[in-house]
Amino acid sequence: MGHTLLCLLGFFLLSLLYRGQAQDAVLTIEPNWTTFFTGESVTFKCDITEGKDSDWYYSIHNQHGEVFSPSNQNFRTLQPLTSGYSGEYQCLFQNGGSTTISNKIYLTVSAKPKAQLRDIFPGGGNVTLTCSVGPTSASGWRYFWYKKGKTSEPLKTQDVVFLRNDRIIVSRGGVYWCRGGRGNPVYYTEYSDAVVTHRAVLTLQPNWPQIYSREKFSLTCEIEDGGNDEWEFFWTTPGSETLEKSPLAPSSRSGEYQCVGILKGEMSERTLWSDVFTLTVSNERPKPVLTVSPSWPSPGASVTLNCSVDHPSAGWSFYWYKAVPQKSGYRYSYELLPVSYNRTEKHLFIIDGQTQTAGYVCRAGRGDQVFYTSYSKPVFVWSGGQYDLTFPLLQNGRNSLILVAFPSRNCKLCYRCEGLFF
């Protein structure tokens, strides 16, 4: 302790004694930065303008005492730097009984920095990324850019557009890092946090314009050009005040949904939120409308059945039935038409050679686990030929007026009243 105080006192007295000669002795550093970081190196150069042919010895001191002992070498390198080397430095020149002290240089040695990466989304398909190292961005730093992984090779001009060394333009759909480097050999900063330029996309599967309750469907979150990176997905869902983590969003409720992807291993880095997806789930099972043309065909003519549903191209297949009247209850049972006709992709169906009066029904279905619409109302094709079908035509609650249709030479279709039931 006493020795240290003595050294400091001696250094202070020398500073006072030779202050007038300081302009003749110069201390410079290489590189000439005001702030260094742990692990870097600095070279001190002691130079004197008087008596250069004399036999001078050079030593370097800081506030703690002598850093380099006297030597006739005027270049001294201090490495690796630690935070303890922060402070003021001077050269002490000695030649026989003559002593001169240089100017002071203050060094700041800070902890190894971490590069900062910022993203700007100006619109369109491109993103501007800017890399910096604290407030010392102009102090010799070069910037190295990486995509997909920190261990990959730095990006080059053919990979991205360089506006400046510290600023690049990239298309959306990537995970980027940067770091700074300076000196020779290169001293690198810590890598920046990742910036994710992907956007999350929320899609409905199957992508039908109208969804019905009890139908099987899902909302999925995907990443535009997600590559081989691993993502976790979080959702905002109707009625929830917190993010929900699930591979599939709850899909039974109408409302607004959004999702975001977070890069595994970089939990603070997330994609842009998806656009809001408004889901409408109808609780009413759809009911198709069946029409026939013509409804009064000539015997043996063709009849076209048309099964109409909303959005007929939205995955629907069509099923065709014959309406068979029941002897009791005045209702119908439905029999699928022959196997070759029981399911069609089109909503039109042609029956050739219609010779008898008959009733028809249709319905539609879609999906792997088939979701069916309700049956259409029965529609009849009338014929003047022989038949033995009795159709309950009018029903009104408990009171039912039953009309029986029968052929006659005097009219295409005649009716007789079978009875009034209460």
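Since the model is a prediction, treat every value here as computed from it, not as a measurement.
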Got a second to check how far [X]'s [atom1] is from [Y]'s [atom2], nearest 0.5 Å?
X	Y	atom1	atom2	value
Q94	W56	CD	CH2	9.0 Å
R118	T130	CZ	OG1	5.0 Å
W273	Q258	CH2	CD	6.0 Å
D352	S302	CG	OG	4.0 Å
F68	Q73	CZ	CD	10.5 Å
T344	L337	OG1	CG	10.0 Å

Exercise for the section: State whether E88 and K104 are salt-bridged, where the test is any N-O pair (Lys NZ or Arg NE/NH1/NH2 against Asp/Glu carboxylate O) under 4.0 Å. Expected result: yes
Handout entry: Salt-bridge present (K114, D193; N to O < 4.0 Å)
Key = yes
Backbone N/O of [Y] and side chain of [X]: donor-acceptor pair under 3.5 Å:
X	Y	value
S102	C91	yes
S86	S83	yes
T38	K112	yes
S192	L117	no
T373	P288	no
D159	K156	yes
D47	V26	no
N126	I169	no
N62	H64	yes
W145	N165	yes

What's the shortest heavy-atom distance between [X] and [Y], and which atoms?
X	Y	result
S41	P31	O-CD, 4.1 Å
A25	F93	CB-CE1, 3.0 Å
L290	S376	CB-OG, 3.6 Å
V303	P297	CG2-CG, 3.8 Å
A111	F37	O-CD2, 3.1 Å
V281	S213	CG1-N, 3.7 Å

Can you find a side-chain donor-acceptor pair between [X] and [Y] that sits under 3.5 Å?
X	Y	result
R76	S71	yes
R199	T271	no
H311	S313	no
T220	T203	yes

For residues [X] and [Y], establish whether the separation of their ring centroids is below 6.0 Å.
X	Y	result
W320	F349	yes
F144	Y188	yes
F380	W382	yes
Y321	Y375	yes

Got more than 12 heavy atoms from elsewhere within 6.0 Å of [atom1], [X]?
X	atom1	answer
Q369	CD	no
D368	CG	no
Y57	OH	no

Problem - Within 45° cone of Y187 ring axis and under 6.0 Å: R182 NZ or CZ - result: no
Practice task
Identify whether NZ of Lys or CZ of Arg in R270 sits under 6.0 Å from the centre of the six-membered ring of W231 and within 45° of that ring's axis.
Solution key: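 Negative - R270 is either too far from the ring of W231 or too far off its axis.
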How about [X] and [Y]: do any of their side-chain heavy atoms sit closer than 4.5 Å?
X	Y	answer
T304	V292	no
L202	E222	no
Y85	F36	no
L155	K147	yes
V309	F318	yes
R285	R214	yes
F217	L204	yes
Y360	V379	no

Exercise for the section: Test Y176 against Y146 for ring-ring contact (aromatic ring centres under 6.0 Å, His included), laying out the working first. Expected result: CA-CA 6 Å; Y176 294 88; Y146 305 85; over 10 Å; no
Handout entry: CA sep, side-chain torsions, deciding dist, call: T35, S110, side chain to side chain contact (heavy atoms under 4.5 Å, CB included)
Key = CA-CA 7 Å; T35 300; S110 300; 4.0 Å; yes
Exercise for the section: Check the pair Y106, Y89 against ring-ring contact (aromatic ring centres under 6.0 Å, His included), reporting the backbone distance first and the verdict last. Expected result: CA-CA 6 Å; Y106 190 88; Y89 289 80; 8.5 Å; no
Exercise for the section: Evaluate the criterion side chain to side chain contact (heavy atoms under 4.5 Å, CB included) for residue pair F44 and L78; output intermediate values, then yes/no. Expected result: CA-CA 8 Å; F44 298 94; L78 189 60; 4.0 Å; yes
Exercise for the section: Kindly determine whether W33 and L107 satisfy side chain to side chain contact (heavy atoms under 4.5 Å, CB included), including the steps that lead there. Expected result: CA-CA 8 Å; W33 300 325; L107 296 185; over 6 Å; no
Exercise for the section: Step by step, work out the side chain to side chain contact (heavy atoms under 4.5 Å, CB included) result for Q210 and Y212. Expected result: CA-CA 7 Å; Q210 178 62 61; Y212 300 94; 3.5 Å; yes
